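Here the structure comes first, spelled out in structure tokens, and everything after it is commentary.
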Amino acid sequence: MRRFKSLSLLSLVLALGLTSTAAQQAVAGNPTPTPSQPDRGQPKSLAEGDRPRPYEDFTNWTDEDCHKEGSLGETTNSSTGGRVVNHFQFCAWKQHGVTFWAPNQIYPLGTLMFRMTMMAQASEDGRTVTVTFKADEIHVPPRRGVLADIAVISMTPSCSTDKLPAACSITPATRQSIGLRDLGSIGLTFTMQSPRMPTSTNPISRDTGRFRFPYYFTTTTGGQQVDQQIGGIQEFGTSWRCDSAQLTRGEFKKEACVFPTLPHLRFNINDAGITQSAQHIRQAQENPNSTDPVPPENGTKTIATNLHRHWDDALKDAQRNASRKACQAAVPIKPPDTDCDEYPFASTLEGSLAPPLPNYDFSVKYINYRDNRRSGCWMGKWLVKDRVLEGDEFQVDIFDGPTYPEPPEEPECVEGED
């Protein structure tokens with residue numbers, strides 16, 4: 001009969017359930033990030049020619065990408081840190097160590113260490129989320145490789161929603177067991193479904209919930225399967241949101257699932273195609289009192305970085321009109337080849353007519369019309385691509401990236417996207 005005992009230092013950390021990002025990175029040998037500034041990584045970009053786009057590529061994200069980007073930037077529950085790449089991708093990993101003991105428990109047979117990674121991919125075309133577990137960095141002492149071969153991990157998945165009855169299921173739904181070597185080469189995959197159908201009174205049919213994947217080391221003793229825990233049951237999980245939103249414009253015409261965390265809309269200030277737009281946003285965010293309109297009696301302005309999308313076309317048009325009037329008040333004669341640029345955007349609740357009125361917590365500026373339309377078009381595509389629903393929050397970031405010349409043509413936009 002072989003017995004498993006936890007490695008002393010790791011068992012202490014794992015017994016606490018890896019309750020913090022810092023604890024996980026301490027096990028991994030990584031520096032502890034600043035809690036107030038989680039590492040969200042650099043988004044991957046779709047190319048227009050050789051030019052990066054301000055929205056992200058949601059395909060071909062691998063466990064190697066997860067590890068390279070650092071992971072562990074978002075705390076998603078009390079036991080697991082993870083990283084949301086965008087609305088459609090989540091990854092997390094843990095380091096584990098366990099000591100195998102001889103039957104008499106007098107001396108150890110060897111120590112086994114490995115890294116468990118969870119990769120979650122939400123669907124852009126259907127109410128499903130696929131979750132894959134992989135093991136790597138499997139390490140055993142010399143001449144004791146048999147330890148990794150006899151190690152078996154068992155997982156029992158579950159999902160829950162914020163509504164009753166629970167509108168979700170996981171396949172396979174029963175306990176799954178796999179050898180550690182196979183977990184490294186083959187992996188273990190589960191699919192979560194939230195099939196609630198839209199109705200006339202609930203056309204979006206939004207469901208939110210969580211899934212859990214507790215796992216154990218197992219062995220067989222006397223013909224019976226025995227769970228051998230490493231410092232307690234280990235668990236991966238995160239929250240999800242599925243919806244059946246159907247828009248009559250853009251590409252928002254399919255059911256989908258996302259991870260409901262804060263997505264980032266990023267503009268490269270060194271991309272000549274959108275430089276003036278990016279400069280205006282940075283000025284509004286970092287020095288709002290230097291922007292127009294000027295509040296009465298030189299009052300203090302506060303301009304938001306985090307915005308909330310709305311789908312009200314009447315409000316969008318009204319906010320654009322209010323912004324144009326503010327531009328005309330600041331610069332009565334409109335410069336040639338310019339448009340009135342506004343921040344926050346007219347398609348957000350923080351725009352020029354945000355309550356209480358009169359509102360001065362926004363910024364307007366005449367900028368090159370091609371620059372203005374290009375940035376608005378790209379933002380609209382991003383809102384659709386990252387499935388930012390009405391009321392969803394997102395953050396606008398201006399970053400200093402590589403230098404790119406102005407593109408020769410304006411991008412093609414779907415009418416109404418922005």
Side-chain angles (χ1 to χ4, degrees), residues 56-63 66 74 76-77 80 82-92 117-134 154-178 186-215 235-263 309 311 383-394:
E56 303 168 21
D57 184 1
F58 306 143
T59 60
N60 301 320
W61 181 256
T62 69
D63 52 341
C66 176
E74 294 263 2
T76 57
N77 61 34
T80 305
R83 178 172 175 271
V84 174
V85 184
N86 47 54
H87 260 172
F88 291 93
Q89 293 164 316
F90 171 87
C91 69
T117 299
M118 180 183 86
M119 300 292 300
Q121 176 76 49
S123 172
E124 295 183 77
D125 186 10
R127 296 171 63 113
T128 63
V129 177
T130 301
V131 183
T132 299
F133 289 88
K134 297 291 290 289
S154 294
M155 306 182 71
T156 305
S158 65
C159 68
S160 60
T161 72
D162 59 356
K163 297 178 181 178
L164 293 175
C168 69
S169 62
I170 287 186
T171 304
T174 57
R175 177 168 174 159
Q176 302 294 306
S177 297
I178 188 171
I186 302 173
L188 192 58
T189 298
F190 299 88
T191 300
M192 190 282 297
Q193 294 183 314
S194 175
R196 189 185 297 273
M197 298 298 293
T199 65
S200 58
T201 57
N202 184 17
I204 291 182
S205 186
R206 185 187 315 215
D207 277 326
T208 59
R210 297 185 57 80
F211 44 57
R212 299 173 61 248
F213 298 93
Y215 57 96
E235 179 182 325
F236 273 115
T238 189
S239 59
W240 49 265
R241 182 188 79 196
C242 297
D243 69 83
S244 301
Q246 301 284 303
L247 299 189
T248 58
R249 60 190 181 195
E251 303 167 15
F252 243 40
K253 297 179 182 178
K254 298 178 180 179
E255 298 179 329
C257 293
V258 300
F259 300 106
T261 56
L262 184 67
R309 187 184 185 186
W311 289 350
L383 290 171
V384 171
K385 187 65 177 176
D386 215 357
R387 203 171 184 86
V388 181
L389 298 184
E390 183 173 18
D392 280 359
E393 183 179 14
F394 64 96

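Here the structure is a predicted model, which is why all the values come from computation and not from measurement.
Between Arg241 and Asp392 there is a salt bridge, with a side-chain nitrogen of the basic residue lying less than 4.0 Å from a carboxylate oxygen of the acidic one. Using a cutoff of 4.0 Å between basic side-chain nitrogens and carboxylate oxygens, Arg212 and Glu235 are scored as salt-bridged.
The shortest distance between side-chain heavy atoms of Val129 and Phe190 does not fall below 4.5 Å. For the pair Glu124 and Lys385, the minimum side-chain heavy-atom distance is below 4.5 Å. The shortest distance between side-chain heavy atoms of Phe88 and Arg387 falls below 4.5 Å. When side chains are defined from C-beta on, Arg206 counts as touching Leu389, because their heavy atoms get closer than 4.5 Å.
Put simply, the side chain of Gln89 never gets that close to the backbone of His87: no donor and acceptor are under 3.5 Å apart.
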Exercise. Decide yes or no on side chain to side chain contact (heavy atoms under 4.5 Å, CB included) for Asp207 and Arg127, but give the supporting numbers first.
Key: CA-CA 10 Å; Asp207 277 326; Arg127 296 171 63 113; 3.3 Å; yes
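Residue Arg210 comes nearest to Ser239 through the heavy atom pair NH1-N, 3.8 Å, listed as atom of the first residue, atom of the second, then distance. The shortest non-hydrogen separation linking Lys254 to Asp125 is CD-OD1, 3.4 Å. For the pair Ser154 and Arg175, the tightest heavy-atom approach, listed with the atom from each and the gap, is CB-NE, 3.3 Å. Here the closest non-hydrogen pair linking Met192 and Cys168 is SD-CB, 3.9 Å. The shortest non-hydrogen separation linking Leu188 to Met155 is CD2-SD, 3.6 Å. Nearest approach of Val388 to Trp311, heavy atoms of both residues: O-NE1, 4.1 Å.
Each of Ser194, Ser205, Ser244, Ser123 was compared with Glu255 under the side-chain hydrogen bond (donor to acceptor under 3.5 Å, both in side chains) criterion, and only Ser244 meets it.
Ring pair Phe259/Phe90 is tilted by interplanar angle, where 30° to 60° counts as tilted.
Here Gln121 contributes atom CD and Thr191 contributes atom OG1; the two are 11.5 Å apart, rounded to the nearest 0.5 Å. Taking OG1 of Thr189 as the reference point, atom CE of Met119 lies at 11.0 Å (rounded to 0.5 Å). A distance of 14.5 Å separates OH of Tyr215 from OG of Ser177, quoted to the nearest 0.5 Å.
Taking the centre of each ring, Phe211 and Phe213 come in below the 6.0 Å mark.
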